[in-house]
Amino acid sequence: PLRLVVLVSGTGSNLQALLDACAEPAYATEVVAVGADRDGILALERAEQAQIPTFVLKVEDFDAREAWDSALMEQTAAYAPDLVVSAGFMKLVGASFLARFAGRFLNTHPALLPSFPGMHGARDALEYGVKVTGATLFVVDEGVDTGAIVAQAVVPVEDDDTEETLHERIKVAERRMLVDSIGRIAREGFHLDGRRVRFGAARPIQ
Ligand code: GAR
């Protein structure tokens, strides 16, 4: 099976969707560890419930951001993942993490990139007044939410939406997009053709 490490900071509903999918052998994917940047979050409880190993690395416990980044890289690498998925991980990783997992570190974002990057994708789309928004799964690069796009899902913005109702609608579509995309990567692999992500293993994963 495809070995996944999932990085989280919050409620972990995307993680849960992956864990549920992984229970099916045909999905051919295993979450081998869950990493977080804080404790006391529901995402870690979900991992423990599923008996998945967890690790927590808080930036404030390190002298420098680079030391935190290296530790995150080492801990993640210890589980020998084929793919690392940031599912609501609210930290930007640094150079050593990116170098180690180049091309196989994916992030899910609650907006249709390149619109509304950053920490508040759902809120920013609502405030701008767009009538459709959605979720994007992309390959992380050095920029903030600038990497090559693996998949997108569209959701409507309703007149009476608040940030919360809109984000919840996005998250329903986001979970399906994430589960479908990881399943397809497990079956077929993927590769980059410039900025275009293509399924099929021109370059096999690991
Ligand atoms: C998701 O909607 C994810 O796209 C978003 O946080 C939520 C986490 O939900 N991530 C970002 O905004 C990253 N900039 P979850 O913890 O329930 O999976």
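Whatever order the structure lists them in is the order used to number ligands and atoms, beginning at 1.
Not close to ligand 1: V8, with no non-hydrogen atom less than 4.0 angstrom away.
The protein heavy atom nearest to atom 13 (C) of ligand 1 is M90 SD, 3.6 Å. In this structure, the protein non-hydrogen atom closest to atom 5 (C) of ligand 1 is P110 CD, 3.8 Å. Protein heavy atom closest to atom 7 (C) of ligand 1, with residue, atom name and distance, is H167 NE2, 4.0 Å.
Comparing heavy-atom distances from atom 9 (O) of ligand 1 across H109, K171, R175, R123 singles out K171 as nearest. Nearest-heavy-atom check against atom 14 (N) of ligand 1 across A111, A87, G118, A173 picks out G118. Taking all heavy atoms of G88, S86, A43 into account, the minimum distance to atom 8 (C) of ligand 1 is reached by G88.
Side-chain contact between Q152 and L137: absent, with no pair of heavy atoms (C-beta onward) separated by less than 4.5 Å. Between L72 and V93, the closest side-chain pair of non-hydrogen atoms falls below 4.5 Å. Contact check for L112 versus V154: side-chain heavy atoms found under the 4.5 Å cut-off.
Interatomic distance, OG1 of T165 versus CG of D160, reported as 6.5 Å (0.5 Å rounding).
Here's the thing with E174: one of its N/O atoms is less than 3.5 angstrom from an N/O atom of ligand 1. Looking at G12 next to ligand 1, an N or O pair under 3.5 Å apart turns up. Among the atoms of T11, some N or O lies under 3.5 angstrom from an N or O of ligand 1.
Linking Ile, Leu, Val, Met, Phe, Trp and Tyr whenever their side-chain heavy atoms come within less than 4.5 Å leaves V32 and V179 in two separate clusters.
Ion pairing of D82 with R3 is absent here, as no side-chain N (NZ or NE/NH1/NH2) approaches a carboxylate O to less than 4.0 Å.
With hydrogens and angles disregarded, a donor-acceptor distance shorter than 3.5 Å links the side chain of T136 to the backbone of A111.
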